[in-house]
Amino acid sequence: RPRVFSGIQPTADSFHLGNYLGAVRQWVGMQDEHDAFYCVVDLHAITMGHDPARLRERSLRSAAQLLAAGLDPERCTLFVQSHVAEHTQLAWILGCLTGFGEASRMTQFKDKTQKQGVEGATVGLFTYPVLMAADILLYQTDAVPVGEDQRQHLELSRDLAQRFNSRYGRTFRVPEPFILADTAKIYDLQDPTAKMSKSSSSPTGIIDLLDDPKTSAKRIRSAVTDSGREITFDRVNKPGVSNLLTILSALTERPVPELVDAYAGKGYGDLKRDVADVVVEFVTPYRERTLALLEDPESLDNILARGAERARTVAAETLREVEDRLGFVVAK
Ligand code: ATP
Ligand code: MG
């Protein structure tokens, strides 16, 4: 079975609708046909400053949410990144293959440092795409289900795999991005030209899946819409309405053109009401399942411990081969 790998950062108390539609939903769908490795990437979550107690809490909440979304520890490997030391070990090695200029071209670094400026950023944030490449390459990954914002980092992972293979001999599988065009980028409800983001969306721009469903409904109803009255899908002229149509289409599995036809003659208020309803329908059981899983931390710990063990086996084998290829003296 082809391998998949993907990760999510424990940078917030809740995942948002973009995380689910852009990434996690695909993770769930890929469990059976693939040998799937999914990871709560806590090492990535310390690149911009963090609170230790909250990080621990958020890592467990992330794992619980992944299970609530439908990951099954019997059908996939779910683990916490810091439990598998090989991620940081391979990251160092790949860092020595990455050009400084190449790393400097990553647009997400530019986005994430826009507010505070590059001077205030950590080296960890700068090299985070290299750690991400290590995450992926350790598992000899075929496909990486992510949102559009990760495309450039995926390209770097591919380049690093190919570079290593051509310099030192074929060692890594070269991963392919798995990005679903329709839901690859869910936008901020208040600024529908920016992506919905855990760390940069304003509270009213984001649908947090663990919020009180009533709050989510209210946020949808107060989403920014566009001038005019007609409901059409037009990313340029109607980004707000298009975003709502995308969400409705994804959650109801009705194609956008069919929805547009169905809303002929209706107004933005009708659309928002329907989107709010389907969102509430989705988040209510998701939230209940997550909270129930968090009631039983021991089971959660066990699942993560088993996941880490399985992950370590694969990761250690790749790293051993990498070190051998690089000419490191094998420890006896
Ligand atoms: P942060 O703002 O801390 O980077 P994030 O919201 O971008 O948080 P990540 O943990 O970085 O979340 O990303 C997890 C996954 O969710 C990735 O595959 C990413 O591409 C995807 N994703 C994030 N935001 C969106 C979005 N708005 N639409 C679709 N997919 C998204
Ligand atoms: Mg992100």
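Remember, it's 1-based here, ligands and their atoms both numbered in the order they're listed. This one's a predicted model, so the numbers in the text were calculated from it and none came from an experiment. All values below come from the heavy atoms of this structure, side chains included, with hydrogens, waters and symmetry mates left out.
Of all atoms in ligand 1, listed by their number and element, those nearer than 4.0 Å to a heavy atom of Lys112 are 1 (P), 3 (O), 4 (O). Near Ser197, with a cut-off below 4.0 Å to any heavy atom, the atoms of ligand 1 are 2 (O), 6 (O). Interface atoms of ligand 1 facing Ala184, defined by a heavy-atom separation under 4.0 Å, are 28 (N), 29 (C), 30 (N). Near Met196, meaning under 4.0 Å from one of its heavy atoms, ligand 1 places the atoms 24 (N), 25 (C), 26 (C), 27 (N). For ligand 1, the atoms lying closer than 4.0 Å to a non-hydrogen atom of Gly22 are 29 (C), 30 (N). Atoms of ligand 1 found under 4.0 Å from any heavy atom of Gln150, numbered from 1 in the order shown, are 20 (O). Counting atoms of ligand 1 from 1 in the listed order, those under 4.0 Å from a heavy atom of Ile186 are 26 (C), 27 (N), 28 (N), 29 (C). Atoms of ligand 1 lying under 4.0 Å from any heavy atom of Ile8, numbered from 1 in the order shown and given with element: 10 (O), 14 (C).
The side-chain heavy atoms of Arg58 and His50, taken from C-beta on, include no pair separated by under 4.5 Å.
In this structure, His16 counts as a contact residue of ligand 1, since one of its heavy atoms falls inside 4.0 Å of the ligand.
Among the atoms of Ala23, none of the N or O lies under 3.5 angstrom from an N or O of ligand 1. Of the polar atoms of Thr183, none of the N or O atoms is found under 3.5 Å from an N or O of ligand 1, judged by distance alone. For ligand 1, none of its N or O atoms has an N or O atom of Ser6 under 3.5 Å away. Between Asn19 and ligand 1, a contact under 3.5 Å exists for at least one N or O pair. For ligand 1, none of its N or O atoms has an N or O atom of Pro145 under 3.5 Å away. Residue Tyr128 has no N or O atom closer than 3.5 Å to an N or O atom of ligand 1. At under 3.5 Å, a nitrogen or oxygen of Ser199, whether backbone or side chain, sits near a nitrogen or oxygen of ligand 1. In terms of polar-atom proximity, Val146 is not counted as a contact of ligand 1, lacking any N or O under 3.5 Å from an N or O of the ligand.
Of all the heavy atoms of Lys185, the ones lying under 4.0 Å from any atom of ligand 1 belong exclusively to the backbone.
Annotation: Tyr139 is not in aromatic contact with Tyr38 [ring centroid separation under 6.0 Å not met].
No donor-acceptor pair closer than 3.5 Å links the side chain of Glu86 to the backbone N or O of Val314. Arg61 contributes no side-chain N or O that, together with a main-chain N or O of Thr290, makes up a donor-acceptor pair within less than 3.5 Å. With hydrogens and angles disregarded, a donor-acceptor distance shorter than 3.5 Å links the side chain of Thr122 to the backbone of Thr47. When atom types are taken as modelled, the side chain of Thr284 and the backbone of Glu281 share no donor-acceptor pair closer than 3.5 angstrom.
More than 12 heavy atoms of other residues, nucleotides or ligands shown are found within 6.0 angstrom of NZ on Lys110. Enclosure of atom CD in Glu309 is not indicated, since only 12 or fewer non-hydrogen atoms of other residues, nucleotides or ligands lie within 6.0 angstrom. No more than 12 heavy atoms of other residues, nucleotides or ligands shown are found within 6.0 angstrom of CZ on Arg229.
Here the heavy atom of the protein found nearest to atom 12 (O) of ligand 1 is Lys198 NZ, 2.9 Å. Ranking protein heavy atoms by distance to atom 20 (O) of ligand 1, first place goes to Asp149 OD1, 2.4 Å.
Under a hydrophobic clustering in which Ile, Leu, Val, Met, Phe, Trp and Tyr are joined whenever their side-chain heavy atoms come within less than 4.5 Å, directly or via other members, Phe79 and Val41 fall into different clusters.
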